[in-house]
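Here the structure is laid out as structure tokens; the discussion comes afterwards.
Atoms within a ligand are numbered from 1 in the order they appear, just like the ligands themselves. Please read these numbers as outputs of a predicted model, since none were measured by experiment.
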Amino acid sequence: MKKIAVFASGTGTNTQKIIEHFRNSIIARVTLVVCNKPGAGVLSISANAQIPTLLIESERFFRGDAYLPVFKEYEVDMIVLAGFLWKIPVPLIAAYPEKIINIHPALLPKYGGKGMYGNKVHEAVIAAGEAESGISIHFVNEIYDDGRMILQVSCPVLTGDNAESLATRIHALEHYHYPRVIEKLIVDQE
Ligand code: GRF
């Protein structure tokens with residue numbers, strides 16, 4: 001049984017879907033939710049699901065031990081980023097090679113990088129007149145949105161779309177694919 005830590009900074013709808021997907025799984029379980037933002041919606045999701053939550057602070061994460069001893073204590077096997085807005089420090093990447101994945105709400109390498117998150121991504125896609133957008137699920141390395149691609153799925157950008165309507169379409173893709181990709185990765189890596 002692999003132990004998954006989900007890192008999230010926001011509302012946490014992906015976190016919720018991942019928790020639900022693995023709730024009765026024999027392959028893996030979400031055993032820790034890591035959040036950097038007091039008051040974030042994801043904190044009530046983890047509380048409702050009775051999953052331990054670690055609220056991290058930047059000094060220890062970036063200039064201390066990156067909470068590695070805590071992740072070891074929880075025997076975390078895999079780290080899943082679901083709307084986590086801090087960069088992952090190098091010691092953590094080194095401790096979890098090919099075990100940290102991220103989801104981005106656009107077709108990378110376009111519309112990625114620092115500052116490209118949430119509706120900013122969808123606004124940029126619409127402003128550029130793109131006919132399609134989508135999701136990218138990739139391994140995490142030292143550079144934002146740059147690690148090896150695992151899966152990309154596209155969807156149309158429709159006439160009259162705004163950031164919210166496009167975000168809704170993309171969230172649906174994320175909610176469907178992210179838990180399944182995590183599961184496949186765990187099975188393939190065994
Ligand atoms: C998702 O769109 C994800 O792609 C991005 O952040 C968003 C998180 O949404 N990295 P939620 O908090 O899971 O609802």
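Shown here is Leu158, whose CG atom has more than 12 heavy atoms of other residues, nucleotides or ligands within 6.0 Å.
Inter-residue side-chain proximity for Phe84 and Lys37 is flagged as unmet; no heavy-atom pair is nearer than 4.5 Å. Side-chain contact between Met78 and Ile101: present, with at least one pair of heavy atoms (C-beta onward) separated by less than 4.5 Å.
The CZ atom of Arg180 lies 11.0 Å from the CD1 atom of Ile137; values are rounded to the nearest 0.5 Å. For the atom pair OH (Tyr178) and NE2 (His21), the distance works out to 13.0 Å, reported to the nearest 0.5 Å.
Counting the atoms of ligand 1 from 1 in the order shown, those under 4.0 Å from a heavy atom of Thr13 are 11 (P), 12 (O), 13 (O), 14 (O). Residue Thr11 approaches ligand 1 through these ligand atoms, each under 4.0 Å from one of its heavy atoms: 12 (O).
Residue contact check for ligand 1: Gln16 places no non-hydrogen atom closer than 4.0 Å to it. Residue contact annotation: Ala8 has no non-hydrogen atom under 4.0 Å from ligand 1.
Among Glu174, Lys17, His122, the residue whose heavy atom lies closest to atom 3 (C) of ligand 1 is Glu174.
A distance-only check finds no donor-acceptor pair linking the side chain of Arg29 to the backbone of Met1 [under 3.5 Å].
Aromatic pair Phe7/Trp86: centroids not less than 6.0 angstrom apart.
Between Ala82 and ligand 1, no N or O atom pair is found at a separation short of 3.5 Å. Note: an N/O pair closer than 3.5 Å links Ile103 and ligand 1 by distance alone. On a distance-only criterion, Asn14 and ligand 1 share at least one N/O pair closer than 3.5 Å.
Heavy-atom minimum distance, Ser133 versus Ala106: OG-CA, 3.9 Å.
Nearest non-hydrogen protein atom to atom 12 (O) of ligand 1 is Gly12 N, 2.7 Å. Looking from atom 9 (O) of ligand 1 to the surrounding protein, the closest heavy atom is His171 NE2, 3.2 Å. At the shortest separation from atom 8 (C) of ligand 1 among protein heavy atoms lies Gly83 CA, 3.7 Å.
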